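Please read these numbers as outputs of a predicted model, since none were measured by experiment.
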There are 2 protein chains.
Amino acid sequence: MDTQIFHALADPARLRIVEAMRTGEHAVNDIVERMDIHQSGVSRHLRILAEAGIVQMRPDGQRRLYSLRPEAFDRLEAWVQGYRRHWEARLDRFGAALETHKDKKP
Amino acid sequence: MDTQIFHALADPARLRIVEAMRTGEHAVNDIVERMDIHQSGVSRHLRILAEAGIVQMRPDGQRRLYSLRPEAFDRLEAWVQGYRRHWEARLDRFGAALETHKDKKP
DNA sequence: CATGTATATGCGTATAGATGTATATATTGG
DNA sequence: CCAATATATACATCTATACGCATATACATG
């Protein structure tokens, strides 16, 4: 796993952009209006998100429509699930190992 | 969703530490031996990972045993799945909307 | 072609973050 | 209590990066 996707999502402004794009395609100016940073900053953030594979761009006249790339989220989900599967396997083999992951019961 | 967990995983050294801890608890020096950074750096990285809720610490004599916290991965997985569910809902409603997420077929 | 609109980028600056060194704080054993 | 071991932290430094401003580029329209 590369850190690039985490780095891209680690900036508050970029995460806000990603959350805003849940609803579909957005032009750059649409995003600028929802944020409190300059248009140049939004463009730079979008470039970083694109380089990380999180967004894609489609030209539409003089505008550029950005949208999320599900593949990026698939990769992230697969990575996270690798850890879950690991723990589940351990729990299957050692019931008592629950103590490893839960707070002690009073 | 807060950026803290992404920020914690965005550093290559910290991600290596997390990956190394897949196999269970590790003392600080165990991790230092596997990395090419100084012990002070490892301690700092572990603090950041702990503050992000990714690792927990358990004293064992003069050593501190660190391990991963599955809850952090659960939260991350839930966040990612929020996006997947969103797209799946859209795909259910609009079959043609496949174009939104896949490269155009030749 | 000229003008307006939308987006990207070079530049300077300010701030955050990663690192090593040295030192402080536990904890153990004698 | 003293020495050794394990870990954390203060400090200085170096690098990365986020930001706004100004400007460049691309497209549309008259």
Measure CG/Asp11(B) against P/dT15(D) and give the value in whole Å, please. 16 Å
Distance (rounded to the nearest 0.5 Å) between Leu68(B) CG and Leu49(B) CG: 8.5 Å
What is the distance from CG of Leu65(A) to P of dA26(D), rounded to the nearest Å? 18 Å
Verify the contact: side-chain N or O of Arg63(A) to OP1 or OP2 of dA26(D), cut-off strictly under 4.0 Å; return yes or no. no
Could you tell me how far apart Ile17(A) (CD1) and dC19(D) (C1') are, to the nearest whole angstrom? 13 Å
Side-chain H-bond candidate by donor/acceptor type, Gln81(B) with Glu77(A), under 3.5 Å: yes
Ignoring the backbone of Gln62(A), work out which of dT7(C), dA6(C), dT7(D) is nearest its side chain. dA6(C)
Rounded to whole Å, the CG-P distance (Asn29(B) to dT5(D)) equals 11 Å
Which of residues 30-48 of chain A have a heavy atom under 4.0 Å from DNA chain C? Gln39(A), Ser40(A), Ser43(A), Arg44(A), Arg47(A)
In whole Å, what is the span from the CD atom of Glu51(A) to the C1' atom of dA18(D)? 15 Å
Closest non-hydrogen atoms of Ala13(A) and His45(A), given as atom of the first, atom of the second and distance, are CB-NE2, 3.6 Å
Separation of His38(A) NE2 from Ser43(A) OG (nearest 0.5 Å): 10.0 Å
Pair Asp11(B)-Arg16(B), salt bridge (charged side-chain N to carboxylate O under 4.0 Å, His left out): steps then yes or no: CA-CA 9 Å; Asp11(B) 182 84; Arg16(B) 279 190 60 197; over 6 Å; no
Closer than 4.0 Å, any side-chain N/O of Tyr66(A) to the OP1 or OP2 of dA8(C)? yes
Side-chain heavy atoms of Phe73(B) within contact of Val18(B), under 4.5 Å: yes
Taking the minimum atom-to-atom distance to the side chain of Arg64(A), which one of dA26(D), dA8(D), dC19(D) wins? dA26(D)
If you check every side-chain atom of His7(A), which of dA8(C), dT17(D), dA6(C) has the closest atom? dT17(D)
For Leu49(B) and dA18(C), give me the distance from atom CG to atom C1', rounded to whole Å. 14 Å
Report the distance from atom CG of Leu15(A) to atom P of dA18(D), rounded to the nearest whole Å. 13 Å
How far does CD1 of Ile54(A) sit from OH of Tyr66(A), to the nearest 0.5 angstrom? 13.5 Å
